[in-house]
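Everything on this sheet refers to the single structure shown next.
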Protein chains: 2
Amino acid sequence: MSNLALGSTDLQATVSLCCQPLGKEELSAADSEKISVIFKALSDPVRLRLFSKIAAQPGGEACVCDIQDVGVSQPTVSHHLRKLREAGLLESERRASWVYYRVAPGVLSAMAGLLSQTT
Amino acid sequence: MSNLALGSTDLQATVSLCCQPLGKEELSAADSEKISVIFKALSDPVRLRLFSKIAAQPGGEACVCDIQDVGVSQPTVSHHLRKLREAGLLESERRASWVYYRVAPGVLSAMAGLLSQTT
DNA sequence: CAAATGATTTGATGGATGTCAACATAGAGG
DNA sequence: CCTCTATGTTGACATCCATCAAATCATTTG
């Protein structure tokens with residue numbers, strides 16, 4: 001593994017550019033496929049917790065070693081972080097011995113936009 | 001099956017009352033468990049499409065017969081609608097021969113709040 | 001280089017889940 | 001009642017997925 005965009009989806013293109021808010025216009029089959037990937041990434045309690053730990057980090061990023069205490073083994077943590085990265089929700093970068101994860105830019109606002117009220 | 005609240009989670013209590021936005025404070029293990037249920041409900045393409053069809057309905061509700069063309073069999077549609085209801089995302093009501101589904105009140109705004117930007 | 005630390009990958013396994021066919025239930029209308 | 005239409009439920013099955021142990025890769029340090 002090497003750099004930021006490796007194996008990740010362009011989430012901004014996926015969410016921001018494809019869809020009206022859910023309450024405004026129904027999703028096409030294709031868009032549903034794309035967006036469900038994002039919800040699926042957050043559908044596991046451990047993954048959601050890891051994502052929240054990173055999102056809530058003051059500096060906006062967290063070392064894997066700082067977020068490992070979620071009740072599962074370290075390989076499992078790594079597996080979940082990979083899933084989050086592949087879904088386009090996280091970016092990762094190696095600095096010296098450590099790998100840092102951060103929320104991909106635009107992710108939170110894109111998802112909030114999808115769920116925003118239109119009434 | 002009979003009425004609105006049958007087998008459903010109180011989603012407003014689950015989402016609105018438990019959590020700060022993801023970018024603000026990390027979720028507890030318990031809250032992660034609760035909220036991941038909601039994401040899981042939307043993690044299937046067919047379910048997400050059904051939910052979007054209902055959410056985008058002008059009157060705010062849809063008869064099952066109006067949203068069945070999503071590429072799977074009728075029992076499967078029924079199964080997915082049940083999952084969405086059990087997760088607290090939808091409510092259902094029988095009127096004459098037909099069953100109507102609508103988005104549970106507060107759901108969209110609660111989820112949007114969870115993902116709202118805090119920066 | 002060798003050892004140690006941090007992180008990912010691989011392989012295996014038990015459990016969860018989406019799907020359909022068949023059957024059951026509910027109401028409408030002869 | 002009996003039938004037709006609209007939904008929901010059950011049972012079976014194939015696939016997906018979370019998890020861990022073991023092995024591997026990457027980087028620092030002795």
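Fair warning: this is a prediction, and the values are worked out from it, not measured in the lab. Lettering of chains follows the sequences in order, A, B, ..., and the numbering in each one begins at 1.
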Roughly how many Å is it from [atom1] in [X] to [atom2] in [N], rounded to a whole number?
X        : N       : atom1 : atom2 : value
Leu84(B) : dT17(C) : CG    : C1'   : 14 Å
Leu81(A) : dT9(C)  : CG    : P     : 11 Å
Lys40(A) : dA16(C) : NZ    : P     : 17 Å
His80(B) : dT17(C) : NE2   : P     : 12 Å
Arg95(B) : dA26(C) : CZ    : C1'   : 16 Å
Leu90(B) : dT7(D)  : CG    : C1'   : 15 Å
Asp69(B) : dA6(D)  : CG    : P     : 14 Å
Glu86(A) : dT9(C)  : CD    : C1'   : 12 Å

Asp44(B)/His80(B) under side-chain contact (heavy atoms from CB on, under 4.5 Å): CA gap, chis, key distance, verdict:
CA-CA 9 Å; Asp44(B) 179 87; His80(B) 284 309; 3.7 Å; yes

Taking only nitrogen or oxygen atoms into account, show me every contact under 3.5 Å that the protein makes with nucleotides 1-6 of chain C, one pair per line with its distance.
none

Give a yes/no on whether any side-chain N or O of [X] is located under 4.0 angstrom from OP1 or OP2 of [N].
X         : N       : result
Tyr101(B) : dG8(D)  : yes
Arg82(A)  : dA7(C)  : no
Lys83(B)  : dG18(C) : yes

Check: protein-nucleotides 20-22 of chain D nitrogen or oxygen pairs below 3.5 Å:
{"from": "dC20(D)", "atom 1": "OP2", "to": "Ser73(A)", "atom 2": "N", "distance (Å)": "2.7"}
{"from": "dC20(D)", "atom 1": "OP2", "to": "Ser73(A)", "atom 2": "OG", "distance (Å)": "2.9"}
{"from": "dC20(D)", "atom 1": "OP2", "to": "Thr76(A)", "atom 2": "OG1", "distance (Å)": "2.8"}

Can you list everything that forms a side-chain contact (heavy atoms from CB on, under 4.5 Å) with Gln20(A)? Sequence neighbours excluded, please.
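Here the qualifying residues are Lys24(A), Glu25(A).
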
Hey, is Asp69(B) close enough to Arg49(B) for a salt bridge, meaning N to O under 4.0 Å?
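No, no charged N to carboxylate O under 4.0 Å.
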
Tell me whether [X] contacts the main-chain N or O of [Y] through its side chain, where contact means a donor paired with an acceptor under 3.5 Å.
X        : Y        : answer
Thr76(B) : Val72(B) : no
Ser78(B) : Gln74(B) : no
Arg47(A) : Ala41(A) : yes

Show, in sequence, the C-alpha distance, side-chain angles and deciding distance for Met111(A) and Phe39(A), and conclude whether the side-chain contact (heavy atoms from CB on, under 4.5 Å) test is met.
CA-CA 10 Å; Met111(A) 295 191 68; Phe39(A) 285 115; 4.1 Å; yes

Stepwise side-chain contact (heavy atoms from CB on, under 4.5 Å) test for Tyr101(A) and Arg85(A)
CA-CA 9 Å; Tyr101(A) 281 82; Arg85(A) 181 166 46 84; 4.2 Å; yes

Is any side-chain heavy atom of Cys19(B) closer than 4.5 Å to a side-chain heavy atom of Leu27(B)?
yes

With a 4.0 Å cut-off on heavy atoms, is Val77(A) in touch with a base, just the backbone sugar-phosphate, or nothing at all?
nothing

What's Arg47(A) touching, base or sugar-phosphate or nothing? Going by heavy atoms closer than 4.0 Å.
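Sugar-phosphate contact only - Arg47(A) comes under 4.0 Å of backbone atoms but never of a base.
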
